[in-house]
Amino acid sequence: MFWFRIDNRLVHGQVIEAWLPYLQVGSLLVVNDAIAADDLQQQIIQLAVPGRIKVSFIPVASCAAEYARLRSAGVSALFLLSGCADVRKIVEQGVPVPILNVGNMHYSRGKRQLCAHVAVSEEDVECFRLLRGMGTTLDFRCVPGDAPMAEEW
């Protein structure tokens, strides 16, 4: 089983305390170019993740190869990405993303708030529409117990 989540905070309390136990995955992949190149950030993140979870830090361009490796090994995983543009890139590489959990996207100038935890730019909206058109179901919620937000935005 594979789960894909957008969260611009990447690894934090909601992921560690809610999603990892809920999903019962064996691997956590942080798919982010900046973190993949930052050994100090990787060490800090690894301290927060339970020891039973294998953590990997990979650049976006390597996601399809890592997905294929995990799939052939029968490993379950949570893929964390910081934004929709990176999800689009992995889908274009051939990674199937049937369900995309949208957990957190911070507000900044030029974005509009969809719900308490998600603010989107026009580029984000177009990206979500593209993914939805490719068959991806969008699941807007912070933690597993939340009711998903309707996709009418």
Side-chain angles (χ1 to χ4, degrees), residues 1-91 93-108 111 113-121 123-124 127-128 131-132 136-151 153:
M1 188 230 21
F2 296 107
W3 187 260
F4 298 86
R5 177 179 170 88
I6 289 177
D7 195 319
N8 59 351
R9 301 166 297 179
L10 296 171
V11 179
H12 60 90
Q14 288 175 347
V15 170
I16 294 166
E17 297 295 325
W19 286 106
L20 290 175
Y22 174 75
L23 296 171
Q24 298 180 348
V25 294
S27 290
L28 172 63
L29 285 89
V30 180
V31 183
N32 182 273
D33 293 339
I35 300 291
D38 189 332
D39 290 337
L40 179 60
Q41 285 295 318
Q42 291 176 26
Q43 291 172 16
I44 292 168
I45 290 169
Q46 285 177 326
L47 291 173
V49 178
R52 63 179 173 73
I53 306 290
K54 181 181 182 327
V55 183
S56 300
F57 304 92
I58 61 171
V60 176
S62 299
C63 190
E66 189 63 15
Y67 171 85
R69 186 187 72 74
L70 293 172
R71 184 171 173 228
S72 67
V75 175
S76 59
L78 169 59
F79 290 76
L80 280 178
L81 300 101
S82 63
C84 191
D86 286 346
V87 176
R88 179 180 178 174
K89 288 175 189 173
I90 71 168
V91 168
Q93 291 173 16
V95 175
V97 179
I99 298 173
L100 175 62
N101 171 244
V102 183
N104 195 71
M105 295 174 69
H106 287 302
Y107 177 83
S108 63
K111 290 186 172 188
Q113 206 73 41
L114 285 186
C115 58
H117 63 287
V118 176
V120 294
S121 64
E123 293 83 16
D124 294 325
C127 183
F128 286 139
L131 291 172
R132 200 168 52 182
T136 298
T137 298
L138 302 175
D139 172 36
F140 290 86
R141 58 187 167 144
C142 288
V143 294
D146 290 349
M149 181 187 92
E151 284 190 41
W153 33 270

- prompt: Yes or no on side-chain contact (heavy atoms from CB on, under 4.5 Å) for Val25 and Met1, after CA distance, side-chain angles and deciding distance?
  reply: CA-CA 8 Å; Val25 294; Met1 188 230 21; 3.6 Å; yes

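- For the pair Ser76 (side chain) and Gly26 (backbone), a donor-acceptor distance under 3.5 Å is present.
- Of all heavy-atom pairs spanning Asn32 and Ser82, the tightest one is ND2-OG, 3.4 Å.
- Each of His117, His106, His12 was checked for a side-chain hydrogen bond (donor to acceptor under 3.5 Å, both in side chains) with Asp7, and the lone residue meeting it is His12.
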message: side-chain contact (heavy atoms from CB on, under 4.5 Å), that's the test. Do Leu28 and Ser56 meet it? Break it down for me.
response: CA-CA 6 Å; Leu28 172 63; Ser56 300; over 6 Å; no

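- With contacts defined as side-chain heavy-atom distances shorter than 4.5 Å, the pair Val118/Ile6 does not qualify.
- The two residues Cys127 and Ala85 have their closest heavy-atom pair at SG-N, 4.0 Å.
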message: Could you walk me through whether Phe57 and Gln41 satisfy the side-chain contact (heavy atoms from CB on, under 4.5 Å) test, starting with their C-alpha distance in whole Å, then the side-chain angles of each, then the deciding distance to 0.1 Å, before giving a yes or no?
response: CA-CA 10 Å; Phe57 304 92; Gln41 285 295 318; over 6 Å; no

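- Considering every non-hydrogen atom in both Cys142 and Gly103, the closest pair reads SG-O, 3.6 Å.
- For Glu17, the side chain to side chain contact (heavy atoms under 4.5 Å, CB included) criterion is met by no residue, not counting sequence neighbours.
- With contacts defined as side-chain heavy-atom distances shorter than 4.5 Å, the pair Leu114/Met105 does not qualify.
- Applying the side-chain contact (heavy atoms from CB on, under 4.5 Å) test between Val97 and each of Leu81, Leu131, Ile90 identifies Ile90 as the sole match.
- Annotation: Arg71, atom CZ; neighbour count of heavy atoms from other residues, nucleotides and ligands within 6.0 Å does not exceed 12.
- For the pair Ile58/Val30, no side-chain contact is recorded, criterion being any heavy-atom separation below 4.5 Å from C-beta on.
- Under 4.0 Å is where a charged nitrogen must lie from a carboxylate oxygen, and between Arg141 and Asp139 at least one such pair does.
- You'll find the side chain of Arg5 reaches within 4.5 Å of the side chain of Leu80, heavy atoms only.
- Between Tyr67 and Pro96 there is a side-chain heavy-atom pair separated by less than 4.5 Å.
- Between Phe79 and Phe4, the ring-plane angle classifies as parallel under the 30° and 60° cut-offs.
- Scanning all heavy atoms of the two residues, the minimum distance from Pro50 to Ile16 falls at CD-CG2, 4.1 Å.
- For Leu138 against Phe128, the heavy-atom pair with the smallest separation is CD1-CB, 3.7 Å.
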task: Report the C-alpha separation of Cys63 and Gln93 in whole Å, then their side-chain angles, then the decisive distance to 0.1 Å, and conclude whether the side-chain contact (heavy atoms from CB on, under 4.5 Å) test is met.
output: CA-CA 8 Å; Cys63 190; Gln93 291 173 16; 3.9 Å; yes

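- Nearest heavy atom pair, residue Arg69 against residue Ser72, reads O-OG, 3.0 Å.
- Partner of Val55 under the side-chain contact (heavy atoms from CB on, under 4.5 Å) criterion, chosen from Leu29, Val49, Val11: Val49.
- When atom types are taken as modelled, the side chain of Asp38 and the backbone of Ile35 share no donor-acceptor pair closer than 3.5 angstrom.
- Of the inter-residue distances, the one linking Glu66 atom CD with Ser27 atom OG reads 8.0 Å to the nearest 0.5 angstrom.
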